[in-house]
Amino acid sequence: MGSGAVGHRESAAANGAGTPTGQPLPILVHARDIVDAYAACDVLVLAGETGCGKSTQLPQILLDNRRRTGVSRVVITQPRRLAAISVAARVAHERECELGTQVGYAVRFENKSGPGTQIRYVTHGVLLREACSSSTASLRSQEHSAFHLNYDAVIIDEVHERDLNTDLLLGMAKTKLLERKGSAVAKSDAEESFKLVVMSATADIAAFTDFFSAPCRPLNGSQRQVHPQTPLVVKQLIIPGRAFPVERLFTEEPVQEYVNAAVTACAQIHADEPFPGDVLCFLSGQDEIDAACALLKDHLERYLGKKRTKHEVLIMALYATLAPEEQQRAIEPLPVEVRAQRRKIIFSTNVAETSITIPGVRYVVDSGMCKMRVGTSASQSSLQIVPISRAQAAQRAGRAGRECAGKAFSLYPERALFSVMPEFEPPEITRCDLASAMLTLFALGTDVRHFDFMDAPSAQGVQNALELLVDLGALDEHCEMNAVGRAMAALPVGAMVGRAFLEAMRAGCAQSMAMMAALLSVEGNIYASVRPERRAAADKARRHEASALGDMISVLNVFEKYLSLHPRERGAYCRDLFISARTLNAARAAYEQLLKLQQTRTVRQGANALCRDVYRAREPSWWSEPAGGPRPRMQLQRCLVAGFSRHAASLLEAPPSSRLSGSPNQTAGEFAVAPSSSFNVRYKGLRGGPELFVHPSSVIHWRRRPPHCILYQEILITSKLYVRNVLEIDSAWLDEATGS
DNA sequence: TTGTGGTGT
């Protein structure tokens with residue numbers, strides 16, 4: 001293996017690094033080209049469709065030819081945890097080593113790698129975090145960016161997905177490579193040297209090649225001198241995939257009712273197309289999928305009726321919030337003996353576009369639509385149904401050709417590919433809240449205004465995020481990061497939640513706030529996915545743990561109870577309250593992580609700095625409990641105010657007089673018997689803006705009197721502007737928090 | 001009076 005010969009290990013073939021038919025993976029045929037290109041460049045742009053073997057083989061090729069590549073330690077990033085783990089397991093098997101030794105992985109909450117790990121699979125986020133934490137020491141130097149990684153080769157996989165972390169990695173890596181190239185000391189500093197490989201779908205490699213070939217182009221044409229710019233040497237290689245041909249069919253005209261059309265298409269495929277061959281139908285969301293399942297069942301019963309004795313249909317739904325067992329049921333192939341008679345028809349969201357592969361699929365039906373989160377601030381967002389991109393359309397169609405030739409039926413005319421669809425989805429960085437991304441960049445020693453983005457975020461978005469970070473005390477008035485900001489950047493939560501957490505450390509309620517922060521950060525609602533017919537029962541059950549202080553405290557009550565239970569009892573508790581055990585378990589992991597981070601120097605320093613810088617002038621009574629006994633939630637509320645003061649709103653209008661029967665000094669626990677239909681209170685954001693309505697799912701609606709002043713986690717735009725996850729606060733705390 | 005496309009530290 002140390003011979004330097006270009007070729008592949010015997011063990012790879014022995015352990016199946018080839019196709020089911022015994023042919024080698026396409027990428028292995030090109031190993032020599034890859035090694036040649038890698039040796040001669042700074043950045044290698046490698047294009048290859050799914051199935052060419054690039055994720056498993058490229059790191060091995062670089063490592064096994066180390067005499068020419070110089071690679072003895074390689075990191076490879078994946079967009080999803082599951083991908084990082086399963087690819088690492090595959091490669092460990094091929095190399096006949098135990099996972100976590102020579103081949104390992106690291107995702108959030110789980111690290112299976114060690115000092116001897118030569119091939120390390122990580123998520124994009126882990127690598128970014130690694131670059132941050134190892135960079136603290138180098139922050140002294142203003143000459144160089146602090147992006148520092150201890151690898152010979154850094155491979156960013158699935159780079160075409162363009163999630164936020166990918167874009168940050170691309171910019172940081174490019175800047176670092178250019179700096180090193182322009183720096184005379186670079187050659188002696190072996191620790192700092194690495195080469196970059198970005199791997200992508202074939203469609204868009206030109207954009208990546210252009211980006212890395214061009215000199216640094218800071219966001220707003222700043223005057224910053226970025227070192228003598230010797231351009232990077234960028235090589236480009238295309239590896240053919242091994243997918244089977246897919247015949248793509250389109251409608252003549254645009255389809256109005258695409259859910260109906262999808263159901264009809266599925267029924268028709270079932271009637272006309274040969275067996276075996278399952279159908280995968282892409283719709284935008286859970287509602288549509290549930291409707292389509294019911295419609296198809298109805299349709300098949302009515303039209304196929306008695307004729308259907310031989311060829312049965314299994315209708316499946318697939319979306320990410322579905323319980324893992326149900327997902328598994330949709331993915332599992334039919335037993336071989338019934339595949340000639342039965343057909344599976346799966347209605348899915350775009351979870352089946354990239355994250356989940358379903359064996360047995362030969363026919364794809366594509367509605368051409370998906371849901372996308374719209375809005376560039378943390379406070380305001382809505383999910384809208386929008387047309388997919390051409391790249392997504394190709395990806396969806398490709399799902400029909402994984403095992404044999406297939407057919408893709410598009411529910412839109414071919415011309416819509418160009419008249420309606422964008423070429424690619426807009427990169428996440430152009431449409432998401434930037435506060436956390438900017439914290440990361442600042443922590444890496446980079447001012448966001450000088451960052452070389454492949455696609456720049458909007459100037460307004462940058463401005464909003466900067467203002468927020470200054471308000472939160474993470475940046476000073478000159479936009480320099482301070483200890484508070486460094487601590488916030490080290491916390492795996494959003495900027496506002498992070499600030500509240502530091503506040504709580506100072507106030508002595510960090511443990512409760514760690515729970516709260518975990519709950520505010522987990523994806524999805526803990527009250528997820530209850531079918532309409534069970535919603536009344538769910539609402540009733542959930543009210544047992546509810547607090548009149550609002551949803552944030554109610555959910556915290558649930559979480560505290562959950563954590564206090566023996567792990568064996570937790571499942572039943574979740575079922576009784578119609579709560580997602582998966583979400584609470586994720587919150588538990590995040591909670592434990594926060595408790596650990598609380599001990600670290602960076603975070604402790606941040607909390608201490610908060611005390612010195614922000615609270616110097618504050619009266620000592622601020623933190624003391626009010627007279628009349630302890631009210632343990634009050635400190636927590638006050639700390640939340642410090643993070644979420646931008647999300648404060650005050651009551652605009654008194655409720656109808658019939659609602660005023662409650663005690664004027666109402667405290668937690670006092671609910672009305674039932675919510676009133678006339679309970680239509682409106683709030684106004686303290687910084688102005690449109691009228692806000694409390695989301696009907698809020699426990700606030702069960703109160704006799706609405707609170708005068710509230711905080712909310714987010715605004716949801718549907719039929720109205722609804723605030724979700726609401727907490728009652730005292731307006732006096734706002735003055736404390738904002739220092740006015 | 002109502003709603004959860006998909007990722008990630």
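All values derive from a computational prediction rather than experimental measurement. A note on names: the letters A, B, ... follow the listed sequences, proteins ahead of strands, and every chain is numbered from 1.
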Checklist entry - Can you list the residues that meet the side-chain contact (heavy atoms from CB on, under 4.5 Å) rule with A/A416, with sequence neighbours excluded? => result A/Y412, A/P413, A/S419, A/V420
Item to check | With A/A435 via side-chain contact (heavy atoms from CB on, under 4.5 Å) - residues at least two apart | outcome: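 By the side-chain contact (heavy atoms from CB on, under 4.5 Å) rule, A/A435 matches A/D433, A/A465, A/L468, A/L469, A/A495.
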Checklist entry - Do we get A/K720 above A/F693's six-membered ring, with its NZ or CZ under 6.0 Å from the centre and within 45° of the axis? => result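 Relative to the ring axis of A/F693, which defines the angle, A/K720 lies inside both limits.
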Among the nucleotides [options], which one has an atom lying closest to any side-chain atom of [X]?
{"X": "A/R108", "options": "B/dT9, B/dG5, B/dG3", "value": "B/dT9"}
{"X": "A/R80", "options": "B/dG5, B/dT9, B/dG8", "value": "B/dG8"}
{"X": "A/T349", "options": "B/dG6, B/dT9, B/dG3", "value": "B/dG6"}
{"X": "A/P696", "options": "B/dT9, B/dT1, B/dT7", "value": "B/dT1"}
{"X": "A/A320", "options": "B/dG6, B/dT9, B/dT1", "value": "B/dG6"}
{"X": "A/S697", "options": "B/dG5, B/dT2, B/dT7", "value": "B/dT2"}
{"X": "A/S719", "options": "B/dT4, B/dG3, B/dG6", "value": "B/dG3"}
{"X": "A/L716", "options": "B/dT9, B/dG6, B/dT4", "value": "B/dT4"}
{"X": "A/N350", "options": "B/dG3, B/dG6, B/dG8", "value": "B/dG6"}
{"X": "A/P492", "options": "B/dT9, B/dT4, B/dG6", "value": "B/dT9"}

Checklist entry - When you match A/R724 and A/G125 each to their closest nucleotide on DNA chain B, which lands nearer the 5' end? => result A/R724
Checklist outcome for this item: When A/S436 and A/H695 are each assigned the nearest nucleotide of DNA chain B, the 5'-most assignment goes to A/H695
Return the value, rounded to whole Å, for the distance between atom [atom1] of [X] and atom [atom2] of [N].
{"X": "A/L441", "N": "B/dT9", "atom1": "CG", "atom2": "P", "value": "18 Å"}
{"X": "A/Y591", "N": "B/dT9", "atom1": "OH", "atom2": "P", "value": "21 Å"}
{"X": "A/Q78", "N": "B/dG8", "atom1": "CD", "atom2": "C1'", "value": "13 Å"}
{"X": "A/L383", "N": "B/dT2", "atom1": "CG", "atom2": "P", "value": "17 Å"}
{"X": "A/E428", "N": "B/dG5", "atom1": "CD", "atom2": "C1'", "value": "12 Å"}
{"X": "A/D287", "N": "B/dG5", "atom1": "CG", "atom2": "P", "value": "7 Å"}
{"X": "A/E288", "N": "B/dT4", "atom1": "CD", "atom2": "P", "value": "12 Å"}
{"X": "A/I700", "N": "B/dT2", "atom1": "CD1", "atom2": "C1'", "value": "16 Å"}

Checklist entry - Reckon A/V694 touches a base, only the sugar-phosphate, or nothing at all at heavy-atom distances under 4.0 Å? => result nothing
Checklist entry - Contact class for A/T718 vs. all strands (heavy atom < 4.0 Å): base, sugar-phosphate, or nothing? => result sugar-phosphate
Does [N] have OP1 or OP2 under 4.0 Å away from a side-chain N or O of [X]?
{"X": "A/R373", "N": "B/dT4", "value": "no"}
{"X": "A/T123", "N": "B/dT9", "value": "yes"}
{"X": "A/S284", "N": "B/dG5", "value": "no"}

Checklist entry - So A/S410 and A/D366, side chain to side chain donor-acceptor pair (under 3.5 Å) or not? Walk me through it. => result CA-CA 5 Å; A/S410 305; A/D366 180 15; 4.9 Å; no
Item to check | A/F644 side chain reached by A/L472 side chain, heavy atoms, under 4.5 Å | outcome: no
Next on the checklist: Can you confirm whether A/L595 is buried at CG, in the sense that more than 12 heavy atoms of other residues, nucleotides or ligands lie under 6.0 Å from that atom?
Outcome noted: yes
